[in-house]
Peer 1: 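Sharing a structure here in structure tokens format.
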Amino acid sequence: MLLDLTAVHCATLRPRPPFNLTATVHKPSHFPAPIEQFEGPSARHGARYWRSLLWRARPLGLCLEDAGVIDDPEVALTLFAPAGLSISECERIVREIRWRFDMDVDLAPFERDCGADPLLAPVLKRWRGMRVGASGSLHEMLIVYVLLQNATVRRTVQMMRALLQRFGTPVRFDGRSLYASWPPQELAGECEDELRRLKVGYRARVLRHLSETFASGDVDEEALRAMSNEEAKRELLKLYGIGPASVWYLLFEVLHRYDALDYVSPWEQRIYSRLLFDAELVPTERIIDETKRRWGRWRMLAAHYLFEDLFWRRREEPVPWLEELIRL
DNA sequence: CATCAGGGCCCTG
DNA sequence: CAGGGCCCTGAT
């Protein structure tokens, strides 16, 4: 059952500067899952990140190592596979990785437009070169967003683990043991009862629907990337179990729409109330207006900088009001 | 012990 | 457009 993967391809990536690998691959606000692993820099290595991939329904491994600096970035990429991969296949995967971690976008206009904002300036300095990204495919990310619904972090973590143990593939590469996620076909035939036994609750129905939709090839991720925000939103809302909160995450993380902040969920509402107004609870409309006023079309990216910075700070010293909200 | 809300969404009226 | 139901879990 355990799949050993060996290194089959290496490449040196040069993302568009400024680029911060650590802040891009590792988001301290995200819940931990045994599909990825991050390690800060050591004497022998730059910061490293491992992640399982599912490529054409086959489990692969990925390692990214920081081999440069913010203004002259270099990333050493290694691909791991059960057998050899063709050169063209490797190139396609590398292109996909570049996309997922948003490596080619020019951040200069963002820095120019928002750099003077007193709230953002210190944070922008600390995390300069951070990108938004989603390390998984659209299908993988949708599952994550569904597991986040109506659940606390602890429960989300449990559900994710249960699904990976039941439907995922344990893989080992580069001395790391992770799970690779499952192709939609794997779950499509599964009856809901089987899923319910994994204690995902009403999400069983959602997961079944999503799997069937993806397995039948009704979702074109490439096409979504090319759509306008409104078009993409309309398409994504057609997916069963996907509503405004999930679409909000999707537009930003998966489709990299830096302006995708027209909705705020209750949990984030409390956090942005503190960050922007130093108040406990401010109406979402006011939050959105304020971000528009400050950052315009960069508002979600800017908000993301503040958000992640808060969670980095939390590591050094607990933020009392935040601890209450997280309830691990 | 019971009751309830939670990092939503669907469906009904 | 409002509001009940949905699963499970931990808090009260």
Side-chain angles (χ1 to χ4, degrees), chain A residues 27-33 35 132 134-136 138-167 187 190-214 219 232-254 260-276 280-285 287-288 291 300 303-304 306-312 314 318-328:
Chain A
K27 306 293 185 187
S29 79
H30 289 189
F31 72 89
I35 49 168
V132 62
S135 62
L138 174 61
H139 176 246
E140 290 171 298
M141 298 311 294
L142 276 166
I143 290 163
V144 168
Y145 301 140
V146 167
L147 298 188
L148 286 172
Q149 294 171 9
N150 228 333
T152 52
V153 179
R154 189 210 240 10
R155 186 146 142 65
T156 301
V157 169
Q158 278 171 357
M159 290 188 283
M160 188 71 198
R161 191 168 46 219
L163 285 169
L164 284 169
Q165 281 171 354
R166 172 65 183 78
F167 300 106
L187 242 160
E190 215 64 42
C191 62
E192 277 173 44
D193 293 343
E194 169 78 16
L195 282 166
R196 271 170 203 277
R197 253 170 265 142
L198 301 178
K199 299 181 186 295
V200 299
Y202 70 91
R203 299 171 195 79
R205 169 190 288 269
V206 175
L207 294 175
R208 179 177 62 78
H209 271 274
L210 284 177
S211 299
E212 284 165 1
T213 306
F214 272 80
V219 184
K233 199 169 176 176
R234 204 166 42 241
E235 284 307 306
L236 291 166
L237 283 173
K238 289 182 188 165
L239 298 170
Y240 186 87
I242 300 304
S246 304
V247 165
W248 173 39
Y249 294 141
L250 273 160
L251 283 177
F252 183 57
E253 295 189 334
V254 179
L261 183 49
D262 300 308
Y263 176 91
V264 183
S265 68
W267 181 65
E268 275 101 346
Q269 180 187 2
R270 293 183 174 274
I271 292 183
Y272 288 122
S273 296
R274 295 276 188 175
L275 290 174
L276 292 167
E280 204 169 309
L281 193 61
V282 172
T284 57
E285 287 231 341
I287 292 176
I288 293 167
T291 63
M300 190 56 229
H304 178 60
L306 288 185
F307 203 85
E308 292 305 322
D309 178 63
L310 173 65
F311 279 82
W312 279 107
R314 170 174 176 257
V319 182
W321 61 263
L322 183 59
E323 307 309 316
E324 272 177 48
L325 286 176
I326 294 177
R327 302 187 315 113
L328 242 171

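Letters go in sequence order (proteins before strands), and every chain restarts at 1. Note: hydrogens, waters and symmetry copies are ignored here, and every other heavy atom, side chains too, is used.
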Peer 1: For C:dC7, take OP1 and OP2 only and decide whether either is under 4.0 Å from a side-chain N or O of A:Arg196.
Peer 2: yes
Peer 1: Taking the side chain of A:Gln158 as heavy atoms from C-beta outward, which of C:dG10, B:dC9, C:dC7 is closest to it?
Peer 2: C:dG10
Peer 1: A:Asn150 has an atom CG; how far is it from atom P of C:dG4, in whole Å?
Peer 2: 15 Å
Peer 1: Rounded to whole angstroms, how far apart are CG on A:Leu210 and P on B:dG8?
Peer 2: 17 Å
Peer 1: Mapping A:His30 and A:Leu237 to their closest nucleotides on DNA chain B, which lands nearer the 5' end?
Peer 2: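 Final value for this comparison: A:His30.
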Peer 1: Evaluate the criterion side-chain contact (heavy atoms from CB on, under 4.5 Å) for residue pair A:Trp248 and A:Leu261; output intermediate values, then yes/no.
Peer 2: CA-CA 7 Å; A:Trp248 173 39; A:Leu261 183 49; 3.7 Å; yes
Peer 1: What is the separation between atom CD on A:Gln149 and atom C1' on B:dA5, rounded to the nearest whole Å?
Peer 2: 16 Å
Peer 1: Can you check the A:Tyr202 OH to B:dC9 P distance for me, whole Å?
Peer 2: 8 Å
Peer 1: In whole angstroms, how far is the C1' atom of C:dG5 from the CZ atom of A:Arg205?
Peer 2: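 Distance, rounded to whole Å: 12 Å.
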Peer 1: Would you indicate which nucleotide in C:dC8, B:dC9, C:dC7 comes nearest to any side-chain atom of A:Pro244?
Peer 2: B:dC9
Peer 1: Give the ring-plane orientation class for A:Phe311 versus A:Trp267, where under 30° counts as parallel, over 60° as perpendicular and anything between as tilted.
Peer 2: tilted
Peer 1: Once you measure the plane-to-plane angle for A:Phe214 and A:His139, does it fall in the parallel (<30°), tilted (30-60°) or perpendicular (>60°) bin?
Peer 2: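 Plane angle between 30° and 60°, so tilted.
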Peer 1: Scan every strand shown for a Watson-Crick or G-U wobble partner of B:dG7, both distances under 3.5 Å, and answer none if you come up empty.
Peer 2: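 Its partner: none found.
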Peer 1: Please report the distance separating the C1' of C:dG4 from the corresponding atom of B:dC4, rounded so that it comes out in whole Å.
Peer 2: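 Those two atoms are separated by 15 Å.
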Peer 1: If I take atom CG from residue A:Asp262 and atom CE from residue A:Met300, how far apart are they, to the nearest 0.5 angstrom?
Peer 2: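 The CE atom of A:Met300 is 10.5 Å from CG of A:Asp262, to the nearest 0.5 Å.
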Peer 1: Looking across every strand, which nucleic acid part, if any, lies under 4.0 Å from A:Leu239 by heavy atom: base, sugar-phosphate, or nothing?
Peer 2: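 The residue A:Leu239 makes sugar-phosphate contact but no base contact.
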Peer 1: Base, sugar-phosphate or nothing for A:Tyr240? Non-hydrogen atoms, less than 4.0 Å.
Peer 2: sugar-phosphate
Peer 1: How close or far is atom P of B:dG6 from atom OH of A:Tyr145, stated in whole angstroms?
Peer 2: 23 Å
Peer 1: Roughly, in whole Å, what's the span from CE in A:Met159 to C1' in C:dC6?
Peer 2: 13 Å
Peer 1: Taking the side chain of A:Val153 as heavy atoms from C-beta outward, which of C:dC7, C:dC8, B:dG7 is closest to it?
Peer 2: B:dG7
Peer 1: Does any donor-acceptor pair link the side chain of A:Arg155 with the base of C:dC7 at a separation under 3.5 Å?
Peer 2: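 Per atom types, the contact qualifies.
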Peer 1: Once you measure the plane-to-plane angle for A:Tyr272 and A:Phe307, does it fall in the parallel (<30°), tilted (30-60°) or perpendicular (>60°) bin?
Peer 2: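 Correct class here is tilted.
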Peer 1: Describe the nucleic acid contact of A:Ser246 in one word from base, sugar-phosphate, nothing, applying a heavy-atom distance below 4.0 Å.
Peer 2: sugar-phosphate
Peer 1: Between A:Lys238 and A:Glu268, just flag the one whose closest nucleotide in DNA chain B comes earlier from the 5' side.
Peer 2: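 That would be A:Glu268.
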Peer 1: If you measure from the P atom in B:dC1 to the same atom in C:dC7, how many Å do you get, rounded?
Peer 2: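 Their P atoms lie roughly 24 Å apart.
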Peer 1: Picking from C:dC7, C:dT9, B:dG7, which would you name as closest to the side chain of A:Trp267?
Peer 2: B:dG7
Peer 1: Could you state the CD-C1' distance from A:Glu192 to C:dC6, rounded to the nearest angstrom?
Peer 2: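 A:Glu192 atom CD is separated from C:dC6 atom C1' by 12 Å.
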Peer 1: With a 4.0 Å limit, can you tell me whether A:Arg154 has a side-chain N or O closer than that to the phosphate oxygens OP1/OP2 of C:dG10?
Peer 2: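 Answer yes for this pair, as a side-chain N or O of A:Arg154 is under 4.0 Å from OP1 or OP2.
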Peer 1: Where do A:Trp321 and A:Ile271 land on the side-chain contact (heavy atoms from CB on, under 4.5 Å) test, with the steps shown first?
Peer 2: CA-CA 9 Å; A:Trp321 61 263; A:Ile271 292 183; 4.1 Å; yes
